[in-house]
Protein chains: 2
Amino acid sequence: MDTARRPGRPPTIHRHDVLIAAVTVIDAEGLEALTMRRLGSALGVTAMSLYRHFDSRDAVLAAVVDFLAATVEFVPHKKWPETLRSFARGYREMLLNHPRAVALLATHPIDQQRGRELIAPLLDGFAAAGVDDERAVTIVQSVAVFTLGHALAQVGGEPPEPETAPYYDTWFDAGLTALLKGFA
Amino acid sequence: MDTARRPGRPPTIHRHDVLIAAVTVIDAEGLEALTMRRLGSALGVTAMSLYRHFDSRDAVLAAVVDFLAATVEFVPHKKWPETLRSFARGYREMLLNHPRAVALLATHPIDQQRGRELIAPLLDGFAAAGVDDERAVTIVQSVAVFTLGHALAQVGGEPPEPETAPYYDTWFDAGLTALLKGFA
DNA sequence: ACCTGAACACCGTTCAAGT
DNA sequence: ACCTGAACACCGTTCAAGT
C-alpha cells in the first residue's frame, strides 16, 4: 500500500494543503494577495519551499483552477436539458462561492483532460437521446461559456453587492432558458 | 476654441497616445509585459511621468478597456435579431483582433455609462419591435456575455493556433443562433 | 528529501527636485 | 505644468547551504 519508508526528510506541506490555503487566501484577500510569500506564511513555511511542490506561481494558480472545477456539483436527470440546467446552476454556484477566483477561472482554461472527465456524465444523457457527441459538446460548452461570462459580469473581480443578486439571478435564468430552448 | 495659452510646460505625451502605445505593447508582448516602465519607454518617457496622466497602472488598464470597447463595429438591420448578430460578430472580431487583451476585457468591466452608449443603437431596434427595454437589455447582455466567454475559451490568454479557428467559428455560430432563437 | 536565508532582477508608487 | 532620479516596499525565482 505504499507505506514503505522513503529516504530523506518527510514533507511538512502537501499539495492538497497548499491548494486549500491558496483558495482561502484568494477568497479572503483576492487574487493579487496570493503571493508566494503570503501563501507560504499561511502554511507556516517560507515562499521558497513551495517550489519543491510547484514549478511556479502560475502552476499553483492552474492547480487552484482544477481544484475548484472539481468541486462543481450537479445531478443527472432523465432529459438532457434538465441535466444541463443542473450543471449550469452547479457551475455558477461554485463561481459565486469564490467571487475573487472567477477572474482566475476565466483566465486559466481548465485542463482539457479534466474538462472531459467533468462533463462525461453529461454526455451520457445526450447519447441516450440520440444527440451525436460533437453537437453535445458544443451545447455543453456553450452553456459553460455563458455561465462563466455571466459570472464575470456579476462579480467583476470583486464580490458583488448582495442586493443586486436577484437581478443577476433573473438574467441568468432568462439567458440559460433561451440557450436551452434554442438548442432543443 | 480653447487655443488660449496655458501656463507651464506643454505636455509631451497625451492620454490618447498612451492608450495606443498600451494596446500595441499588449498585442505584441502580452498583458504582464505592460509595466509602467515599459509603457513609458514605448513613449520615450519615464514611468513616473505617466502618473501625471493616470492615477495608477489599473487606471491605464481601465482606459484601455474603454478604448477597445469603443472600436466595436456593427451595422443596424431592420430586424433586431440581425442587428444583434452583427453586434456579436463585431464584438467578437474586436476580441480576436486583440487576443492578449481578452483577459483584460474579461476582468475589467466596461464603464457602465460607456456600455449604455455602446448598445443604445441596439435598443432602438427592440423598441421599434415592441420589446420592452428591460428585456432588450437582458437579451443584449446575454449575447455579450456569451461572446466574451466564448472568446476567452478560444484565446485563453494567448493567441490561439490559426488552424483551430474553424472549429471555434462553427461553435460560436451555433451558440449565437441558439441564443437568438431562444430569445425570439 | 525537504526547507531556508541571502541575493538578483524586477515591480508600482511617492516625493523632492529640476525646467 | 510637466518630467525626472532616487528611493521604498514589495514581487517571483535561483542557488548554495543546512538538517
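So that the names make sense, note that chain A is the first sequence line, chain B the second, and so on, each numbered from 1.
For DNA chain C, the residues of residues 12-22 of chain A within the heavy-atom distance limit of 4.0 Å (strictly under) are A/Thr12, A/Ile13, sorted by number. Remark: A/Arg37, A/Val45, A/Thr46, A/Met48, A/Ser49 in residues 24-49 of chain A come within less than 4.0 Å of DNA chain C through at least one heavy atom. Of the residues in residues 50-60 of chain B, those with a non-hydrogen atom less than 4.0 angstrom from any atom of DNA chain D are B/Arg52, B/His53.
Residues passing the ring-ring contact (aromatic ring centres under 6.0 Å, His included) test with B/Phe126 are B/Trp80, sequence neighbours excluded. Residues passing the salt bridge (charged side-chain N to carboxylate O under 4.0 Å, His left out) test with A/Arg85, sequence neighbours excluded: none. Residues passing the ring-ring contact (aromatic ring centres under 6.0 Å, His included) test with B/Phe74, sequence neighbours excluded: B/Phe87. Under the side-chain contact (heavy atoms from CB on, under 4.5 Å) criterion, A/Asp66 pairs with A/Ile110, A/Asp111, A/Arg114, sequence neighbours left out.
By the 4.0 Å N-to-carboxylate-O rule, A/Arg89 lies close enough to A/Asp173 to be salt-bridged with it.
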Anything under 3.5 Å between a donor and an acceptor, one on a side chain of residues 158-167 of chain B, the other on a protein residue two or more places apart or in another chain? List them.
unit_1: B/Glu158; atom_1: OE1; unit_2: B/Arg100; atom_2: NH2; d: 2.9
unit_1: B/Thr164; atom_1: OG1; unit_2: B/Glu161; atom_2: O; d: 2.7

Side-chain donor-acceptor contacts of residues 21-33 of chain B below 3.5 Å, not counting sequence neighbours, with atom names and distances?
unit_1: B/Thr24; atom_1: OG1; unit_2: B/Ile20; atom_2: O; d: 2.8
unit_1: B/Asp27; atom_1: OD1; unit_2: B/His98; atom_2: ND1; d: 3.0
unit_1: B/Asp27; atom_1: OD2; unit_2: B/His98; atom_2: ND1; d: 2.9
unit_1: B/Glu29; atom_1: OE1; unit_2: B/Arg38; atom_2: NE; d: 3.3
unit_1: B/Glu29; atom_1: OE2; unit_2: B/Arg38; atom_2: NE; d: 3.3
unit_1: B/Glu29; atom_1: OE2; unit_2: B/Arg38; atom_2: NH2; d: 2.6

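Taking a pair as Watson-Crick or G-U wobble with both distances under 3.5 Å, the runs of three or more consecutive pairs in DNA chain C are C:4-8 with D:12-16, C:12-16 with D:4-8.
The stretch residues 120-144 of chain A participates, sequence neighbours left out, in these side chain to side chain donor-acceptor pair (under 3.5 Å) pairs: A/Ser142-B/Trp171. Applying the side chain to side chain donor-acceptor pair (under 3.5 Å) rule to pairs touching residues 49-60 of chain B yields B/Asp58-B/His108, sequence neighbours excluded.
When rounded to the nearest whole Å, the span between CZ of A/Arg9 and C1' of D/dG18 equals 9 Å.
To the nearest 0.5 Å, atom CG of residue B/Asn97 and atom OG1 of residue B/Thr71 are 8.0 Å apart.
Under the 4.5 Å side-chain heavy-atom criterion for grouping Ile, Leu, Val, Met, Phe, Trp and Tyr, A/Leu104 is connected to A/Leu68 within one hydrophobic cluster.
Between A/Phe172 and A/Phe146, the two ring planes are parallel [angle under 30°; tilted spans 30° to 60°].
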